[in-house]
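Scope of the values below: all heavy atoms of this structure, side chains included, with no hydrogens, waters or symmetry mates. Quick caveat: nothing in here was measured; it's all calculated off a predicted structure.
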Amino acid sequence: MSRIAIVNGKLADPAGDALVPGTVLIEGDRILATGAVDIPADAQQVDAGGLVVAPGLIDLGVFATDKPAFHFGGITRAALMPDQRAPLDEVGLIREATRAGKPDFWVHPIAAATRGLKGTEMAEMGLMQIAGAKAVGTGRQWIADSGVMLRILSYASGLGLTIIAHAEDGGLSAKAVATSGETATRLGLAHAPACAEAMAIARDIMLARETGAAIHFRLVTTKAGFDLIRAAKAEGLKVSCGISPAYLFLNDQAMTDFRTFARLSPPLRSDADRHASIAAVADGTVDVITSGHDPRGPEDKRLPFADASPGMAGAETLLALSLNLVREGHVSLNRLMTLLSANPAKILGVNAGSFAPGSAADLILVDPDAPWIVDSAKMAASAGNTPFDKVPVQGRARRIMKGGQFF
């Protein structure tokens, strides 16, 4: 097998504390060694030119596969949400989804927990796991029937699968498009109290405690929600949570003027909750940062705010926006790679997202200081519905390697 040595790079090892100069030695599609290694005479040397060498990003919970956006953003693996035109609730659909990114990136389908994502009848998650599903998800909806959710958690626990859960009590949030507060009231939008999130999390944590299941709350966005996650972790429960950059750097005032690009699910929160989100990243409560990539064209967004579909194109801005956390001193670059790569890999059960020998050779070469401006009209994504339009950012993936091959 061919060998490649990436030299003159700064290694952002998720298992390390700080950037260190070093080499990444690759054989075939696997990492052989990193750091101060002896480079074999037959190895092809690739000069990183002082760029940061990091594991490829693993985006836990995208709603569409989008090669140009993924390559621009340094995403080498994407966990695809079950909310597709045909919900991912059958073996054939799972198999088809696993092939969707080849050969350019890996797609790991998240199987629908219930048939048609209707929250009533449990889907055949065991068969879907055999077909390639790496987790089970409730989709965009909270499963209101506690008995159904209990059975889902019990069955998933037996299979060793993590449940990817949506955290909003549907009885409160079903018709809401905003978080209760001054902005929603001023705009006259249907709204739900932020406690809808904590209520959903509290119930599902109780069921996870009962079953011993692993549960990952894909997006947690409120102080009350983070408090519950912290308590569950302290208790030793298999609970983890994620967030996307929108909730770290925007608050509900971004909806002013009825900007539908800021119509998200869950909705943007108060500035107090935004600051609580940053604190939760800094103290380790948050395990994953995800883009929530959901490209929506004019037919979905050029509508009255309440009628517009929720979602944002986030894949190509995920790395650049997340690097703000490093510049502001909340996390180290190595810790950021844990949030963007290593932890998503652990939740999905894939041997990637690290520099450990034998790990998949999915890598990115990053210029963390490269300046650029987000422009919704020029995005690589299939649609440019970003609430960060015209925002200056820093950080670019200059090269991307998947399975030992540069793309």
I need the [X] [atom1] to [Y] [atom2] distance, nearest 0.5 Å.
X: N324; Y: I278; atom1: CG; atom2: CD1; result: 9.5 Å
X: F72; Y: W372; atom1: CZ; atom2: CH2; result: 4.0 Å
X: L268; Y: D273; atom1: CG; atom2: CG; result: 11.0 Å
X: L333; Y: K10; atom1: CG; atom2: NZ; result: 10.0 Å
X: R203; Y: S146; atom1: CZ; atom2: OG; result: 4.0 Å
X: L340; Y: L323; atom1: CG; atom2: CG; result: 8.0 Å

Between the side chains of [X] and [Y], does any donor sit under 3.5 Å from an acceptor?
X: R269; Y: T222; answer: no
X: S240; Y: H216; answer: yes
X: E197; Y: T221; answer: yes
X: H108; Y: R77; answer: yes
X: D59; Y: T290; answer: yes
X: T285; Y: D283; answer: yes

(message) Show, in sequence, the C-alpha distance, side-chain angles and deciding distance for T23 and I6, and conclude whether the side chain to side chain contact (heavy atoms under 4.5 Å, CB included) test is met.
(response) CA-CA 6 Å; T23 296; I6 301 176; 5.8 Å; no
Where is the tightest heavy-atom contact between [X] and [Y], given as atom of each residue plus distance?
X: V62; Y: S291; answer: CG1-OG, 4.1 Å
X: G137; Y: L117; answer: O-CD2, 4.1 Å
X: L319; Y: R396; answer: CD2-C, 4.4 Å
X: M255; Y: A262; answer: CG-O, 4.0 Å
X: A165; Y: D204; answer: CB-OD2, 4.3 Å
X: P245; Y: S322; answer: CG-OG, 4.0 Å

Minimum side-chain heavy-atom gap [X]-[Y] below 4.5 Å:
X: F388; Y: F249; answer: yes
X: P14; Y: P55; answer: yes
X: V281; Y: L325; answer: yes
X: T138; Y: I143; answer: yes
X: T162; Y: K134; answer: no
X: I75; Y: I58; answer: no
X: L187; Y: F305; answer: no
X: D367; Y: D369; answer: yes

Is there a donor-acceptor contact under 3.5 Å from the side chain of [X] to the main chain of [Y]?
X: S180; Y: A192; result: yes
X: E168; Y: Q141; result: no
X: S157; Y: L153; result: no
X: N334; Y: A12; result: no
X: D66; Y: A381; result: no
X: D375; Y: A377; result: yes
X: N385; Y: G311; result: yes
X: Y247; Y: P266; result: yes
X: K301; Y: S309; result: yes
X: T114; Y: E121; result: no

(request) With M81 as reference, evaluate H166, R218, R140 under the side chain to side chain contact (heavy atoms under 4.5 Å, CB included) test and give the passing residue. (result) R218
(message) Tell me which one of T34, L32, L363 satisfies side chain to side chain contact (heavy atoms under 4.5 Å, CB included) with I26.
(response) L363
(message) Which residue is it: T76, D362, T98? I am looking for the one with a side chain to side chain donor-acceptor pair (under 3.5 Å) to W106.
(response) D362
When you check the gap from the basic side-chain N to the acidic O, do [X] and [Y] get nearer than 4.0 Å?
X: D294; Y: R296; value: yes
X: D29; Y: K402; value: no
X: D104; Y: K67; value: yes

(message) Pair I164, I347 - check side chain to side chain contact (heavy atoms under 4.5 Å, CB included), show working.
(response) CA-CA 9 Å; I164 311 292; I347 290 168; 4.2 Å; yes
(message) L80 vs T65, test: side chain to side chain contact (heavy atoms under 4.5 Å, CB included). Steps then yes/no.
(response) CA-CA 7 Å; L80 182 64; T65 55; 4.3 Å; yes
(message) Run the side-chain hydrogen bond (donor to acceptor under 3.5 Å, both in side chains) test against D287 and tell me which residues pass, sequence neighbours left out.
(response) K233
(message) Quick one, I229 with V239, criterion side chain to side chain contact (heavy atoms under 4.5 Å, CB included). Give me CA distance, side-chain angles, the key distance, then yes/no.
(response) CA-CA 7 Å; I229 299 294; V239 171; 3.7 Å; yes
(request) Please list, chain by chain and in numerical order, all residues satisfying side-chain contact (heavy atoms from CB on, under 4.5 Å) with Q253, sequence neighbours excluded. (result) T183, N251, T256
Give every donor-acceptor pair under 3.5 Å between a side-chain atom in residues 350-359 and any protein atom, sequence neighbours left out.
from	atom 1	to	atom 2	distance (Å)
N351	ND2	G358	O	3.0
S354	OG	A356	N	3.2
S359	OG	S354	O	3.3

(message) Counting the benzene-type ring for Trp, do H293 and F63 have ring centres under 6.0 Å apart?
(response) no
